[in-house]
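From a predicted model like this one, the values you see are computed outputs, not experimental measurements. Each chain gets a letter, A, B and so on, in the order its sequence line appears, and its residues count up from 1.
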Protein chains: 2
Amino acid sequence: MSSRIKEIENKLVHAKFKLTTPRRLIMEILLENEGDHLTAEDIHNRLREKGHQVGLATVYRTLELFCELDILSRLNFEDASSYYELEEQDQHHHHLICLSCNKIIEFSDELLEDFMESIEKKYGFEVTDHKIKYLGYCSDCHD
Amino acid sequence: MSSRIKEIENKLVHAKFKLTTPRRLIMEILLENEGDHLTAEDIHNRLREKGHQVGLATVYRTLELFCELDILSRLNFEDASSYYELEEQDQHHHHLICLSCNKIIEFSDELLEDFMESIEKKYGFEVTDHKIKYLGYCSDCHD
DNA sequence: ATAGGAAATGAATTCCATTATCACTTGAAA
DNA sequence: TTTCAAGTGATAATGGAATTCATTTCCTAT
C-alpha cells in the first residue's frame, strides 16, 4: 500500500502539484477504504475521527484534483451527492443502483453481448429502466 | 398533440390524481418542448414567459409526480441540476455528454455488440471514460 | 539553512437546486 | 352547492458544493 501512495504521489509531483499533508491524509483515507464509495463529507468525518483536522473545502478541492489526475473517479447516482472511488486502471466496472434500498452493486464490463440478460441473472436484479445507469430493484428488494 | 395531452390526463386520472391547471400548463410546456432536456427552472421560466404564474414548488412537485407515472424521465448529468424529458415508450435512448461544451447527444440502443465502436464512428465522439454514462468530447470539441 | 513567493489551506460565507412548511385555494364527489 | 381531501404558492429551510480571502506551507534559488 505504501507503493500505491508512492504511485499517487508521483502523479501529483509529475503534474507539478505540491505534496501536502492534507493531500497525503486524504490519500490514506481513500486507500484504507478502497472499494467503498465515499462522499466528501464521509472523508472529512473519517479525517476528524482520526484526529486530523482538514477543512471541508480542502477535501472538496483535493477530490476534484484527484479526479483530474485520474486517481479517483466521481460517481453521480440518483441523489444529490457525489461519490468517489479509487480508479483501478484494469478492472473497469459499472453500477447497479437499487431504487429501494440504495444498495450499489458493482458489475464488470467483460461482455456487451447478452449484457442485460446476464446481469439480470447474475444479480437477481430486476431492471426496470435502462438509462445506461442501471436502476431497478435488487434481489433483496423486489417481490 | 391534443391526443398526447389526453393520454397524459388519463394516466393522472387513472392514478387518482386531480386534473389541475398547473399540471395542465406544465404538460403543455413539456409537449411544446418535446426532445429538449429541461430543468424545473426552465419550465418555471417558460410558464412565466407565457404569462402563467405557477409556484416553483409546484413545478418540482409536478415533475416528481410525472416521473412516478412514467410520463417523464429524470436525467442526471454531471452538473447539479436534474433534467426532464418526455418518456417515449418505444425509442429508448442514451446520452453522450460532451465534457467540453456540455452538448448532449442522444443515441439509440439498437445493438449492444460493437456498441462503443459504432457510437464512436457514428458521432465522431472520442470516448475518454466508460462509466456507462458516456462522457468524452464531441466532434466539435476534440482535437 | 533560509528568504521569498507561489501554491495551498481553513474558516466563513455564499450560491444554488431542491424540499419542507403551512395557511389558503380548488377540483370533483356526494 | 357543499364539503373536504388534495393541491397550491410564498417563503423559509436544507444541504452539497463553490468561493473568498487572510494566513500558512512547501519548495526553489540564493
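Under the 4.0 Å criterion applied to side-chain N and carboxylate O atoms, R24(B) and E9(B) are assigned as salt-bridge partners. A salt bridge is absent between E32(B) and R46(B); no separation between the charged side-chain nitrogens and carboxylate oxygens falls under 4.0 Å.
The CZ atom of R74(A) sits 15 Å away from the P atom of dG16(D) (whole-angstrom rounding). Rounded to whole Å, the distance from CD on E9(B) to C1' on dG27(C) is 13 Å. M27(B) places its CE atom 14 Å from the C1' atom of dG7(D), with the value rounded to the nearest Å. Distance NE2 (H44(B)) to P (dC16(C)): 17 Å, rounded to an integer number of Å. If you measure from atom CG of N76(B) to atom C1' of dT18(C), you get 12 Å, rounded to the nearest angstrom. In this entry the distance linking CG of L47(A) with P of dT9(C) reads 12 Å, nearest Å. N45(A) places its CG atom 14 Å from the P atom of dG15(D), with the value rounded to the nearest Å. Atom CD1 of I43(B) and atom P of dG9(D) are 14 Å apart (whole Å).
Here M27(B) contributes atom CE and E7(B) contributes atom CD; the two are 11.0 Å apart, rounded to the nearest 0.5 Å. Rounding to the nearest 0.5 Å gives a distance of 4.5 Å between CG of L63(A) and CD1 of I43(A).
In this structure, R23(A) reaches the dT9(C) phosphate: one of its side-chain N or O atoms is under 4.0 Å from OP1 or OP2.
Contact record, E28(A) with I5(A): CG-CD1, 3.9 Å, taken as the closest heavy-atom pair. Closest approach of I26(A) and V59(A) over heavy atoms only: CD1-CA, 3.9 Å. Pairing each heavy atom of T39(B) with each of S81(B), the nearest pair is CG2-CB, 4.1 Å.
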Strictly under 4.0 angstrom, non-hydrogen atoms only: write out the protein contact profile of nucleotides 25-30 of chain D, one letter per nucleotide from the 5' end, B, S or -. -BS---
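Contacts between residues 48-64 of chain A and DNA chain D, defined by a heavy-atom separation under 4.0 Å, are made by A57(A), Y60(A), R61(A).
Ring geometry, F77(B) versus H37(B): the interplanar angle exceeds 60°, so the pair is classed perpendicular (tilted spans 30 to 60°).
No contact: T39(A) has no heavy atom under 4.0 Å from any strand.
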Applying side-chain contact (heavy atoms from CB on, under 4.5 Å), run through T58(B) and T62(B) and close with a yes or a no. CA-CA 6 Å; T58(B) 299; T62(B) 303; 3.9 Å; yes
